[in-house]
Amino acid sequence: MQQLLYLTEVSLNGLTTGVLYALVALGYVLIFKSSGVFNYAQGVMVLFAALTLVGLQRGQVPFAHLWTAVFGTHTYLFGWNLPAVVAIVMTLGVMVLLAILVERLVLKHLINQHPIVLFMATIGLAYFLEGFGDLMWGSDVKRLDIGLPVGISETIESFTAATFGYGVFVDRLDLFAGLVAAALVFALTVWLKHSQLGRTLRAVADDHQAALSVGISLRLVWVLVWSTAGFVALVAGVMWGAKSGVQFSLSLIALKALPVLMLGGFTSIRGAIVGGLIIGVGEKLFDFLMGPIIGGATESWFAYVLALVFLMFRPQGLYGEKIIERV
Amino acid sequence: MKIARMTICALMLAAFSAPAAYADLVLPWLEYRTGPYSPSGIPTADGFEDYLTLINERDGGVGGELIRVVKCETGYNTAKGVECYEQTKGEGALVYQPLSTGITYQLIPKVTADQIPLHSMGYGRTAAADGTVFEYVFNFPANYWDGASIAVNHILDLNGGNIEGKKISLVYHNSAYGKEPIRTLEKLAEKHGYTLSLYPVDAPGQEQKSQWLDIRREQPDYVLLWGWGVMNAAAVTEAANIRFPMENFIGVWWSGSENDVLPVGDRAHGYKALALHNVGSDFPLFDDLRKHVIDTGKFAGDGTSVGSVLYNRGMYGALLAVEAIRTAQEIHGVSDITPQMMRDGMEALVITEEKMAELGLPNFGPSFAVSCENHGGPGTGWVSQWDAHNQTWSIISDLITPDKEIIDGLIAEASAQYAEEQNIARRCQ
C-alpha cells in the first residue's frame, strides 16, 4: 500500500513537471505550426522574457553597465517597484516589439527560403538574444516574486494523510502552472482552429507562396505568431523563474522541450501537452523504479531515450502531421 | 616607398610586441563571465581583479613590479579552459587559478610539464595536497575531502559527538566535482556509524523533484549539498518545498553564495554552508579597496558584488597569489620572478593571523604554512548561515579542523595511485 502511494505521488509530480515542460514546448509548436520555422531561440526567449519582467518590476535601468562604461553614470535603478500586473503587461509589450524587430530584421529577408535557412537564422537569433539580454539586464541571479503560490499544498497533504495515512507532496506552484497551461492550451486551440486568423496562420505554414498569392500578409502573420510565442515564453519563464531564480540557465530548459516535441509532434498543441505529460511522468517513474538500481540521475537522458524509441515507430510524433511526399 | 614600408613594419612590430615588453608579474585568470555559470564566475573574477588593482594602485605592485592580469573566457567549459591555458602560458604566467575542477584535472599534466604552478583553492584534484607527487599543483587552504569532514564534524558538534544511527544524505552535482566527497563520507560513515544515501543531480540541475521526493520519504537527519550554479538554488527551493529544516541542510563552500539563496527568498532562512574564509566587507582592507579601486572607478565589474561570498573568494585567491610572489621574491632576491620561482614561493608560503591583520583582513582566513610535502594547507573551515531577513551570511562556528587521520590516509592512497599511473618519482626526500 505504502509503495502504491509513493508511486501515485511520483506520478502526480511527474504530471505537474510535465506541464512545465509542455509550457516551453508550446512556444516551439506555435511558431512551427504557424510558420513552418523551428525556432531555436525559443529557450532564450523564455530567459529574455523573464529577465525583462524582473528588470521592469524592480526598476532596473536597461543597459546600465553599458551606460556606466561609456558615460560613467553608475545608475543601476530607477527607484521604483512596479506592481506585477503592470510589469507583465509591459513585458508583453517588449515581447511584441521583439517580434516586430525579428520580422523586420531577420524573417522579412528570408521569405520563400528553405526551412533550414530560417532555422539557421533562429540559431543566430538565439546567440544574439542571449548576449543582448545579458547586456540589457545583467547576468546576476534575480529573484522572481510576483506573488505566485509556492511550497507544498497542505490541503492535499492533510487530505491524503487523513485518508491514506501518507501525506502526498504536490507543489502549489506546479498546480498553478497546470491551471495556467490548461487555460493557455484551450485559448490557443480555439484561436487557431476556429478563428479566421488561425486559419490564416495555418495557410502560411502550409505554403508561403500560396498564402501570399491569396492576399495573406505573411509579415503580419509572422509578427503575430512570434508575439504569441513571446507570450508563451513569458508564462514559461515566470513558472521556471519562480522555482530557481531568473538566470542564464533558464534558457537551457529548452533541452527539456525537445523530447517533448519529438514525442508529441511539432505541429500539435495537444501533442505538446500530452508529450510533456508522458515525459514528465515517464522520467519520474523511471527514476523512482530504476534509480536505486542504476545509481539515479536518470532524468537528463531518459526523456531523450524515450523520444528516440518513439521516433522509430512514429516519426511524426503522437499528434504530428504525417508528411507524404510524392516523387 | 621602401622607408615607408619599413616604418610601417617597425610600427606594427612595436605595437604587437608591446605586451611582451612589459616587465610585469603575469597572473592569468581563466574566467567565465558568460554562460550558465556566469553569476558565480563574475563576482569571483571581480574580487580577484580588484585586489590586484589595489596592489598596483596602492603599493605600485609587488616588490616594485606591477601585476598584469591576463584574462581568458572559458564559459566554464573544460575544452575552452585548456585552450585558454595554451593561449596564455606564453605570456609569462606565474600561476593558474582555473576556478573549475574539470579544467584543473586537464591542466595538471600540462602545468607539470610546463613547470607552471596551479592553485585550485577549495576545488580540483584533492590528491594534489600531496606535494611529494604533485610538484606544481597546490590546493591550500582546504580541499573537498576536508569540506566533507568539516560538515560531518559540525554535525558531530550538534549531536554531542555521537551520530551513530543518524541518516545523512548527499545531493551532488553528477560530475567529477560532485563525486569528490563520496569516498570521504563513506569512510566517515564507517567510523561514526551514520547511514549515507546519495542523490546525484545531472547538470544544470534545475529539475530535482525526484531526488527531493526520495529525500522526503527517507527523512534523513541532515542533507549535504555539493552543487554549483542553478543547481544550488533549485536544491534550496526543493528543500524548502518539502519543509526540510534549513539548519540541517549544509552546502559545501561552492553552494554557499548569495546566488544560491536569494532566489528562494525568506524560505532559505537558516540554510548553512561551509566557509573557506570569512564573509562580508567589515574588514579594514575594504576601506582601501573603496579608496583606491571602487571610488576611482577602476573596479572590474559593476562594483555591486563587493563583499559578497564569491567576491571575497576571488579576492582571497589573489591575496594568496600576491603573498606567494612576495615570498618567492624574498627567496630568490629578484623582483621579476619566473614560474619556477613562484612555485618555490608557494611552497614556502606562511600565512599567519598577524600577516592577515597587517593586510587588512584580520580573522578572514586560517593561519597555515605550505611545505614541500603539504600543498593542501590545514584543511580548516567555518560553517556559515544565511539570514534571509537581513540577506547576510554569518559565521556561526569556530574554525573546524577536519578528520586528518582519515583525510591524510585517503590523500596518500590517491596520490600513490596517481604517482604509479604517471610514473612520478616522489620528491621532498
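No experiment lies behind these values; they were computed from the predicted model shown.
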Heavy-atom side-chain proximity of A:Leu7 to A:Gln3 below 4.5 angstrom: no

Under the criterion side chain to side chain contact (heavy atoms under 4.5 Å, CB included), I'd like the reasoning laid out for A:Asp171 against A:Ile152: C-alpha separation, chi angles, the key distance, then a yes or no. CA-CA 5 Å; A:Asp171 188 349; A:Ile152 187 169; over 6 Å; no

Region of B:Leu262 in contact with chain A, defined by heavy-atom distances below 4.5 Å: backbone

A:Asp174 versus chain B, heavy atoms under 4.5 Å apart: side chain, backbone, both or neither? side chain

What I want to check is whether the side chains of B:Ser197 and B:Ser169 have a donor and an acceptor closer together than 3.5 Å. yes

With no hydrogens and no angle check, do the side chains of B:Tyr199 and B:Glu218 hold a donor and an acceptor under 3.5 Å apart? yes

Segment of B:Asn259 engaging chain A (4.5 angstrom heavy-atom cut-off): both

Taking every non-hydrogen pair under 4.5 Å, which of A:Asp140, A:Asp134, A:Thr68, A:Ile253 racks up the most with chain B? A:Ile253

Contacting moiety of B:Leu198, where chain A heavy atoms sit under 4.5 Å: neither

Contacts satisfying ring pair (Phe, Tyr, Trp, His ring centres under 6.0 Å) that involve residues 154-174 of chain A (not counting sequence neighbours) are A:Tyr6-A:Tyr166

What part of B:Val230 is in contact with chain A, defined as an atom under 4.5 angstrom from a non-hydrogen atom: side chain, backbone, both or neither? both

When the ring planes of A:Phe132 and A:Phe128 are compared, do they come out parallel, tilted or perpendicular, using 30° and 60° as the limits? parallel

At a heavy-atom distance under 4.5 Å, which candidate from B:Ser40, B:Ala203, B:Gly35 has the highest pair count against chain A? B:Gly35

Intermediate values then yes/no, side chain to side chain donor-acceptor pair (under 3.5 Å), B:Asp260 and B:Tyr271: CA-CA 10 Å; B:Asp260 308 324; B:Tyr271 168 68; 5.9 Å; no

Polar contact flag, side-chain donor to acceptor under 3.5 angstrom, B:Tyr144-B:Thr101: yes

Report which part of A:Val54 has an atom under 4.5 Å of a heavy atom belonging to chain B: side chain, backbone, both, or neither. neither

Please identify which of these residues, B:Gln211, B:Arg217, B:Arg216, meets the side chain to side chain donor-acceptor pair (under 3.5 Å) condition with B:Asp214. B:Arg217

Do you know which of A:Glu157, A:Arg172, A:Gln2 has the most heavy-atom pairs under 4.5 Å to chain B? A:Glu157

Contacting moiety of A:Leu250, where chain B heavy atoms sit under 4.5 Å: both

Given the options B:Leu213, B:Ile42, B:Asn174, B:Thr237, which has more heavy-atom pairs under 4.5 Å with chain A than any of the others? B:Leu213

Examine whether an atom of A:Phe286 lies under 4.5 Å from a heavy atom of chain B, and if so say whether it belongs to the side chain, the backbone or both; otherwise answer neither. neither

Under a 4.5 Å heavy-atom cutoff, which of A:Ser139, A:Gly138, A:Gly245, A:Gly131 has the most pairs with chain B? A:Ser139

Portion of B:Ala234 that has a non-hydrogen atom of chain A nearer than 4.5 angstrom: both

